[in-house]
*Asks:* 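Provided herewith is a single structure, encoded as structure tokens, for subsequent inquiry.
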Amino acid sequence: MNETKGVSSFSLHVLAMILMLCDHLWATLFPAQEWLTCIGRIAFPIFAFMIVEGYFHTSNIRKYLRRLFMFAVISEIPFNLIYGSSIIYPFHQNVLWTFLIALLSIVVIEKARATKKWWIFAPAAIVTVGFDFLLGTFAMVDYFGAGILTVLVFYFFHGRKWWCFLGQFVCLAYINLEILGGYYYPVNIGEYELQIVQQGFALLALIPIWLYRGRQGHHSKVFRYICYAFYPVHLLLLYFVWQAVV
């Protein structure tokens, strides 16, 4: 594999952060600009993919989990302010909890895989996926159980073989068009009316993901923490600006 070509990990992180900002700008300051949330749909699958890449490349999974947990806690108040206009809002949890649950699940499944016994690995994987969907839904983490499944799709279909790409596309299409789908835009073509599902724009995330070939690009501890801090900081700034202009 030639790692000198393709989209870098750095570029994917920056792209995902910009697209997430667009989505949150729509949710706060520019609700009439629906194109912002349409392109914002692309951000989550990219982040989900990078969580899996982080798992396979981290040198210390415990530190990785601790960082996610720490920033999930830090992000909860800014997230609550945006979505519930209150410091305490128990009806929706920020997306880092989604990623934390998914990452813990990958650790559990990997332990079952390490036994090299399919009768242990297969049931463990199935039970974990089912439990995750229920936990994500009832805990009301961002994107609910479907969000956790999105991360696991990139885990189960990790690689650049054709069947990995096919699995990613089929599973993400089902998750975004069926499980998360609902709001759509009617488009008339002659006598026919097509329905474009808003959440379906998330499938466009596969383009930069498939162009990624393992190249890291710029990497430093400072940039890593910028990526983590961007989430709560931009939410908090958006909340203050939003409150100042409404």
*Asks:* When you look at CZ of Phe131, are more than 12 heavy atoms from neighbouring residues, nucleotides or ligands closer to it than 6.0 Å?
*Replies:* no
*Asks:* Heavy-atom distance under 4.5 Å between the side chains of Asn80 and Ser86, does that happen here?
*Replies:* no
*Asks:* Roughly how far apart are Cys227 SG and Phe47 CZ, rounded to 0.5 Å?
*Replies:* 7.5 Å
*Asks:* Give me the ring orientation class for Tyr89 and Phe91: parallel if the planes are under 30° apart, tilted from 30 to 60°, perpendicular past 60°.
*Replies:*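 Judged by the thresholds at 30° and 60°, the geometry between Tyr89 and Phe91 is perpendicular.
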*Asks:* Do Leu238 and Leu21 have side chains that approach each other closer than 4.5 Å (heavy atoms only, starting at C-beta)?
*Replies:* yes
*Asks:* When rounded to the nearest 0.5 angstrom, what is the spacing between CZ in Phe169 and CD1 in Ile209?
*Replies:* 13.0 Å
*Asks:* State, with a plain yes or no, whether a side-chain heavy atom of Trp97 is found less than 4.5 Å away from one of Phe69.
*Replies:*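 With C-beta onward as the side chain, the pair touches.
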*Asks:* Working to the nearest 0.5 angstrom, can you tell me the gap between Leu19 CG and Ile46 CD1?
*Replies:*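 Between atom CG of Leu19 and atom CD1 of Ile46 there are 5.5 Å.
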*Asks:* To the nearest 0.5 Å, tell me how far Leu203 CG sits from Arg41 CZ.
*Replies:* 12.5 Å
*Asks:* Please name the pair of heavy atoms, one in Ala202 and one in Asn176, separated by the smallest distance, quoted to 0.1 Å.
*Replies:*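 Between these two residues, the closest heavy atoms are CB-OD1, 3.5 Å.
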*Asks:* Would Trp26 and Glu34 satisfy side chain to side chain contact (heavy atoms under 4.5 Å, CB included), going step by step from the backbone distance to the final call?
*Replies:* CA-CA 7 Å; Trp26 166 82; Glu34 291 210 14; 4.0 Å; yes
*Asks:* Below 30° counts as parallel, above 60° as perpendicular, anything between as tilted: where do the rings of His218 and Phe223 land?
*Replies:* perpendicular
*Asks:* According to side-chain hydrogen bond (donor to acceptor under 3.5 Å, both in side chains), does anything in residues 230-246 pair up with another residue at least two apart or in another chain? List the pairs.
*Replies:*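 Pairs touching residues 230-246 that pass the test: His24-His234.
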*Asks:* To the nearest 0.5 Å, tell me how far Gln199 CD sits from Phe201 CZ.
*Replies:* 10.5 Å
*Asks:* Please check if the number of heavy atoms outside Tyr174 that lie under 6.0 Å from its OH is greater than 12.
*Replies:* no
*Asks:* Output, in order, the C-alpha distance, side-chain angles, deciding distance and verdict of side chain to side chain contact (heavy atoms under 4.5 Å, CB included) for Tyr212 and Glu53.
*Replies:* CA-CA 11 Å; Tyr212 169 77; Glu53 282 296 296; 3.1 Å; yes
*Asks:* Centroid-to-centroid, Tyr185 to Tyr183, below 6.0 Å?
*Replies:* yes
*Asks:* So which heavy atom on Cys171 is nearest to which on Val153, and how close?
*Replies:*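 For Cys171 versus Val153, the nearest heavy atoms are CB-CG2, 3.6 Å.
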*Asks:* Work out which heavy atom in Met20 is nearest to a heavy atom in Ala43; give both atom names and the distance.
*Replies:*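 That closest heavy-atom pairing would be N-CB, 3.6 Å.
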*Asks:* Specify the closest pair of heavy atoms between Cys38 and Gln198, including all atoms of both residues, with the distance to one decimal.
*Replies:*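 Of all heavy-atom pairs spanning Cys38 and Gln198, the closest is SG-CG, 4.2 Å.
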*Asks:* Please test Thr150 against Phe154 for side chain to side chain contact (heavy atoms under 4.5 Å, CB included), starting from the C-alpha separation and ending with a verdict.
*Replies:* CA-CA 7 Å; Thr150 299; Phe154 288 114; 4.1 Å; yes
*Asks:* Name the atoms and distances for all side-chain donor-acceptor pairs under 3.5 Å in residues 100-123, with sequence neighbours left out.
*Replies:*
residue	atom	partner	partner atom	Å
Ser105	OG	Ile101	O	2.8
Ser105	OG	Asp132	OD1	2.8
Ser105	OG	Asp132	OD2	2.6
Glu110	OE2	Arg113	NE	3.0
Glu110	OE2	Tyr155	OH	2.5
Arg113	NE	Tyr155	OH	3.4
Arg113	NH2	Tyr155	OH	3.3
Thr115	OG1	Ala112	O	2.6
Thr115	OG1	Lys117	N	3.4

*Asks:* With a 6.0 Å cut-off (strictly less than), is the heavy-atom count around CZ of Phe30, excluding the residue itself, greater than 12?
*Replies:*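 Count not over threshold, so no.
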*Asks:* Answer yes if the ring centres of Phe49 and His158 are under 6.0 angstrom apart, and no otherwise.
*Replies:*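 When the ring centroids of Phe49 and His158 are compared, they turn out to be at least 6.0 Å apart.
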*Asks:* Report the relative orientation of the aromatic rings in Trp163 and Phe157; use parallel for angles under 30°, tilted for 30 to 60°, perpendicular for over 60°.
*Replies:* perpendicular
*Asks:* Counting only heavy atoms not in Ile87, do more than 12 fall under 6.0 Å of its CD1?
*Replies:* no
*Asks:* For the pair Arg160 (side chain) and Trp210 (backbone), establish whether a donor and an acceptor sit closer than 3.5 Å, ignoring hydrogens and angles.
*Replies:*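 Confirmed, Arg160 side chain pairs with Trp210 backbone.
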*Asks:* At their closest point, which heavy atom of Ile148 faces which heavy atom of Gly136, and how far apart are they?
*Replies:* CD1-CA, 3.7 Å
*Asks:* Any side-chain heavy-atom pair from Val129 and Phe133 closer than 4.5 angstrom?
*Replies:* no
*Asks:* Ring centres under 6.0 Å, that's the criterion: do Phe44 and Phe99 meet it?
*Replies:* yes
*Asks:* Other than Val222, what residues sit in its cluster of Ile, Leu, Val, Met, Phe, Trp and Tyr side chains whose heavy atoms are under 4.5 Å apart, directly or through others?
*Replies:*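 So far as hydrophobic clustering goes, Val222 is joined with Ile226.
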*Asks:* Any idea which heavy atoms bring Asn94 and Asp142 closest together, and the distance?
*Replies:*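 Scanning both residues completely, I find the closest heavy atoms to be C-CB, 4.0 Å.
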*Asks:* Measure the spacing between CD1 of Ile51 and CG of Leu152 and express it to the nearest 0.5 Å.
*Replies:* 11.5 Å
*Asks:* Would a 4.5 Å heavy-atom cut-off, applied to side chains only, mark Leu65 and Ile61 as touching?
*Replies:*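 Result yes, sub-4.5 Å side-chain heavy-atom pair found.
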*Asks:* Taking it one step at a time, do Arg67 and Tyr225 satisfy side chain to side chain contact (heavy atoms under 4.5 Å, CB included)?
*Replies:* CA-CA 9 Å; Arg67 283 195 301 270; Tyr225 278 97; 3.5 Å; yes
*Asks:* Count the heavy atoms of every other residue, nucleotide or ligand shown that sit under 6.0 Å from CZ of Phe156, and state whether that count exceeds 12.
*Replies:*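 Yes - once you tally the heavy atoms of other residues, nucleotides and ligands closer than 6.0 Å, there are more than 12.
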*Asks:* Do Gln93 side-chain atoms and Pro90 backbone N/O form a donor-acceptor pair below 3.5 Å?
*Replies:* yes
